[in-house]
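Remember, predicted model here, so these are calculated numbers, not experimental data.
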Amino acid sequence: MTEESTSEILDFGGSNSSISKTATSSHLSHDYSRHEPSLRNDNKRKKPNIALVNKSHLSAQKEKVKLLAHRVIDLILQGSKLEYSFDVYYRSVESLCRFKHIEQSILADHLKSKLEDHFHYHIIPDITSILEDNLLSLNESITRYLEVYEKWRHKLRLLSKLFLYLDRCYLMQHPSKKMILEFGMTLFVEELLIDKDEGTNRLAEITLRKHIQLLKKVGEFEDIRDLEVAKQLSTMLVKLNFSHQIKLHTDLINLIISHYNSLKDSWIEKPETYIHTVLTKISREMTFFKDCGYEREFLIEFLLKLKWILIFQDFNTIIKSCMPFMVQDKNLKQFGIIYDYCGKSLEEYQLDAMPIFVYEWGQYIIQSIKELIENNKSSLKNIIPLLVELNLRYKSIAGDKFNKNELFEFEVRKSFTKTFNEKKINTFIIFQLCKYCDSFFKSINKKSNKDEIVNLSFNEFQHNVLIIFKALNNKNDFISHYKKELSKRLLLGKSPNYNLERKLVESFLKLIGEGDETVGLQIMFKDLELSREKYSLVALDESPVDFTALVLEQKHWPEMPKLDSNIILLPQLTTILDNFTALYHNSDEKLKNRTLDWSHYPLHQLTIKAEFENGEKELDVNLLQAIVILLFNNSDSYTYDEILALTNISDKLLKKVLGSLSSDKYKILLRHNTTYSFNSKFTDKATKIRIPLSKDRETSAGLFDSEPTKTFERNRNVEFRSALVRVMKSAKKISYLDLLNQTLSLVEKNGPCSIADLKSNLEYLIENEYVKREFDGQTLSYIP
């Protein structure tokens, strides 16, 4: 078409408004002229009819515009290059539509026919060949499918722009006709994506099946190329499902859920990554479908079914197997997510998953405590700091990841309490806690940083002890054992810290209140305070010895080792003890009838100044060692039998004393066969030397025994006495036989017990005035 004809089209389009008005005016004039004879002078000259004059011209112009409109439809559908600018085509269509109303209807019908023909003869065959080509991969098939769709959509959008006037002024207002883009998309949906009236739509079935296959593939392998293609296809389907006829919701969800159900079986074989995998898949699926434009109802339904099949359907099994890996630092975020899911499970599934979560949380804690104990049972390293660290970590998780839910915090306490009070673990924990306390107080004055406990402040140490102590049900049993170790530190320690020891004891008393054992702890400190005030560096007549006494009320102190009372003391030692006894009895009228028992010889500590060739040394020894050393003031050597006769120390104990004085480290005495002589050439860097008494297996067992449970079973006297006192305190008065039976039922829970054991310990309580026997000989009364 030449430029001149274009000019004519533009003129036609531009004068359309005036032409239309003239034609309308002429039409009205013509109608009115029928009545002119009665209204006008017949001799008046008539004006020419302009509409009739231009009729042939307008008709020619209309045909040109119509041809141009029809031509551009063919060009767009063929994908050819347009011959004129958008403005030319738009004005031509507008002119044609505004010429007469009928032209809009004719043009719309022509356009519809062209679209239908093109779709059936080009789009459907192209889609069919793509979907039925078995040589194409899934990705390639969908990619080509989308290309055909995008080309079709592009053509529709281009036609919508050029025929915008027809689209907006006619089709949009028409009750039964669709706009261009809507019509073209409806064709695509009805022919390719939904079932027809006569039955199943094969192309729709193939398309949706390939869609599901691609989504499965993406969910399983997460290939970025497949993901992008799947997103494009899903987005297309969502946009085209404007009439909600495409089976995207229920069928899609069920098929995807079924696929994940099969994947779950392989994922659960790796519990260390299962929760991470599941949460990642859920997040990606929800993000994917949200980005594709799926409706909120679909997303909610899909999320509920996905959580159910992957998490809550087998929640007990899954949470039990995955819990050990969820507590790892890198996975702790998973706890918060699963916790939130459980909080909504009752509302969403009528399943309250929270109690299950709490229970499995507790079971895991119990198992981890037992594993920790078992793995460290044979180690010399104290286990208490590890248990405290474990306790604090679980409390932290309960607070941070479970929104400070009291159920989870309580489960931590409950699990530690339950584990610590199991029969096989309880005695081990008691011994370890006593050992932990002992190590701390012995290391207070150390400056070495090798042991972590040295670097603890007292408050930190006390906090750690109380965490474990609170979890013990049999706190009195711990107090009994702690009392024994406390007495060793207070009486035999180099420089015991009375203030800190007392603070720790007071913290125990705040938790358990006053009782026989706790009262005894308080009296122990009172005895020490009173002794320091009254008997520190006592001045004894005619004695060159510096003497300090500790007067202890035997009833409230742990049972101490006794020796035969017929040990022969040197005269100067006997004199010292006799003089102090007299001084003690005369100091107070109430003390006259008290008996001082000096038979706990290993507890007596003496400092002897010994002269050697290299100088004077101060030897810190116990009374038995001192007796042997002082013999060598009278002679340079003795035979073993002579020492035995002069001291009257038992054979077993004497061997230990001589062994400590003739050891490789401290050769105070030289041994030659059965003869012992004083080693005047003894040397040592220190001027003050503490010589410990060697321990045999029996005395060394206890806190540092590798099998504390066996030691505990060998020495259960404290437990038996405590049980006897509890029964007596409750009954006030009780028969001898009933007391034994009731006590036996209490102590047998912790291990076997014989009547003979109870009888011997009952006699001890009677002797120490805890219990008294009534006159009938069969009734016993408790002494407050």
Peer 1: I'd like to check Leu299 versus Glu295 (side-chain heavy atoms, cut-off strictly below 4.5 Å). Are they in contact?
Peer 2: no
Peer 1: Count the heavy atoms belonging to other residues, nucleotides or ligands that lie under 6.0 Å from NZ of Lys305, then report whether that count exceeds 12.
Peer 2: yes
Peer 1: Determine whether Leu115 and Trp152 make a side-chain contact, defined as any pair of heavy atoms from C-beta on separated by less than 4.5 Å.
Peer 2: yes
Peer 1: Report the distance from atom CZ of Phe357 to atom CD1 of Ile319, rounding to the nearest 0.5 Å.
Peer 2: 4.5 Å
Peer 1: Could you tell me how the ring of Phe420 sits relative to the ring of Phe416: parallel (under 30°), tilted (30 to 60°) or perpendicular (over 60°)?
Peer 2: perpendicular
Peer 1: Near His463 NE2, under 6.0 Å, is it more than 12 heavy atoms from other residues, nucleotides or ligands?
Peer 2: no
Peer 1: Any side-chain heavy atom of Tyr339 sitting closer than 4.5 Å to one from Asn405?
Peer 2: yes
Peer 1: Does NZ or CZ of Lys307 fall inside the cone over Tyr341's six-membered ring, less than 6.0 Å from its centre and within 45° of the axis?
Peer 2: yes
Peer 1: Pair up each side-chain donor or acceptor in residues 128-135 with any protein partner under 3.5 Å, not counting sequence neighbours, and list the distances.
Peer 2:
unit_1: Thr128; atom_1: OG1; unit_2: Ile124; atom_2: O; d: 2.7
unit_1: Ser129; atom_1: OG; unit_2: Pro125; atom_2: O; d: 3.3
unit_1: Ser129; atom_1: OG; unit_2: Asp126; atom_2: O; d: 2.8
unit_1: Glu132; atom_1: OE2; unit_2: Arg202; atom_2: NH1; d: 2.0
unit_1: Glu132; atom_1: OE2; unit_2: Arg202; atom_2: NH2; d: 3.0
unit_1: Asp133; atom_1: OD1; unit_2: Leu135; atom_2: N; d: 3.0

Peer 1: Met185 versus Leu181: any side-chain heavy-atom pair under 4.5 Å?
Peer 2: yes
Peer 1: Looking only at non-hydrogen atoms, find the nearest pair between Lys114 and Leu77 and report the distance.
Peer 2: O-CD1, 3.7 Å
Peer 1: From Thr207 OG1 over to Ile127 CD1, what is the distance, rounded to the nearest 0.5 angstrom?
Peer 2: 7.0 Å
Peer 1: For the ring pair Phe298 and Phe289, is the centre-to-centre distance below 6.0 Å?
Peer 2: yes
Peer 1: Aromatic rings Tyr170 and His101: how do their planes relate, parallel, tilted or perpendicular, breaks at 30° and 60°?
Peer 2: perpendicular
Peer 1: My understanding is that only residues two or more places apart in sequence, or in another chain, count here; which of them pass ring-ring contact (aromatic ring centres under 6.0 Å, His included) with Tyr274?
Peer 2: none
Peer 1: Relative to Phe288, does Lys231 satisfy both conditions: NZ or CZ under 6.0 angstrom from the six-membered ring centre, and within 45 degrees of the ring's axis?
Peer 2: no
Peer 1: Looking only at heavy atoms, which two atoms of Ile318 and Ser321 are closest? And how far apart?
Peer 2: O-OG, 3.1 Å
Peer 1: For the atom pair CD1 (Ile429) and NZ (Lys435), what is the distance rounded to the nearest 0.5 Å?
Peer 2: 12.0 Å
Peer 1: Does a side-chain heavy-atom distance below 4.5 Å link Ser234 with Tyr294?
Peer 2: yes
Peer 1: Would you list the pairs meeting side-chain hydrogen bond (donor to acceptor under 3.5 Å, both in side chains) in which at least one residue belongs to residues 384-393, sequence neighbours left out?
Peer 2: Asp329-Arg393, Asn391-Lys395
Peer 1: Considering residues, nucleotides and ligands other than His276, do more than 12 of their heavy atoms fall under 6.0 Å from its NE2?
Peer 2: no
Peer 1: Please name the pair of heavy atoms, one in Asn421 and one in Ala471, separated by the smallest distance, quoted to 0.1 Å.
Peer 2: ND2-O, 2.8 Å
Peer 1: Looking at Lys210, I'd like to know if its NZ atom is crowded, meaning that more than 12 non-hydrogen atoms belonging to other residues, nucleotides or ligands lie closer than 6.0 Å.
Peer 2: yes
Peer 1: Going by the angle between their ring planes, with limits at 30° and 60°, are Phe312 and Tyr349 parallel, tilted or perpendicular?
Peer 2: tilted
Peer 1: Supply the atom-to-atom distance Ser137 OG to Lys217 NZ, rounded to the nearest 0.5 angstrom.
Peer 2: 6.5 Å
Peer 1: If you measure from NZ on Lys155 to CD1 on Ile76, what distance do you get to the nearest 0.5 Å?
Peer 2: 10.0 Å
Peer 1: For the residue pair Ala230 and Leu215, what are the closest heavy atoms and their distance?
Peer 2: CB-CD2, 4.2 Å
Peer 1: Name the one of Val327, Leu390, Val412, Ile397 that satisfies side-chain contact (heavy atoms from CB on, under 4.5 Å) with Ile365?
Peer 2: Val412
Peer 1: What heavy-atom pair brings Asn201 and Glu191 nearest, and what distance separates the two atoms?
Peer 2: ND2-O, 2.9 Å
Peer 1: Under 3.5 Å, is there a donor-acceptor pair linking the side chains of Ser368 and Tyr394?
Peer 2: yes
Peer 1: Is any side-chain heavy atom of Asn464 closer than 4.5 Å to one of Pro385?
Peer 2: no
Peer 1: Under the side-chain hydrogen bond (donor to acceptor under 3.5 Å, both in side chains) rule, what pairs show up with a residue in residues 257-266, not counting sequence neighbours?
Peer 2: Tyr260-Glu285, Lys264-Gln313, Lys264-Asp314
Peer 1: Just verifying a value: how many Å separate Arg168 CZ and Ile180 CD1, rounded to the nearest 0.5 Å?
Peer 2: 10.5 Å
Peer 1: Give a yes or no on whether His70 atom NE2 has more than 12 heavy-atom contacts from other residues, nucleotides or ligands under 6.0 Å away.
Peer 2: yes
Peer 1: If the condition is side-chain contact (heavy atoms from CB on, under 4.5 Å), which residues does Leu511 pass it with, not counting sequence neighbours?
Peer 2: Leu466, Phe469, Lys470
Peer 1: Please identify each residue that fulfils side-chain contact (heavy atoms from CB on, under 4.5 Å) with Tyr359, with sequence neighbours left out.
Peer 2: Gln363
Peer 1: Is the ring centre of Phe163 less than 6.0 Å from the ring centre of Tyr90?
Peer 2: no
Peer 1: Dump the intermediate steps for side-chain contact (heavy atoms from CB on, under 4.5 Å) on Phe431 and Tyr436, then the final yes or no.
Peer 2: CA-CA 9 Å; Phe431 273 103; Tyr436 180 68; over 6 Å; no
Peer 1: Taking all atoms of both residues into account, what is the closest heavy-atom pair of Leu240 and Val189, and its distance?
Peer 2: O-CG2, 3.4 Å
Peer 1: Return yes if a side-chain donor-acceptor contact under 3.5 Å exists between Asp226 and Asn139, otherwise no.
Peer 2: yes
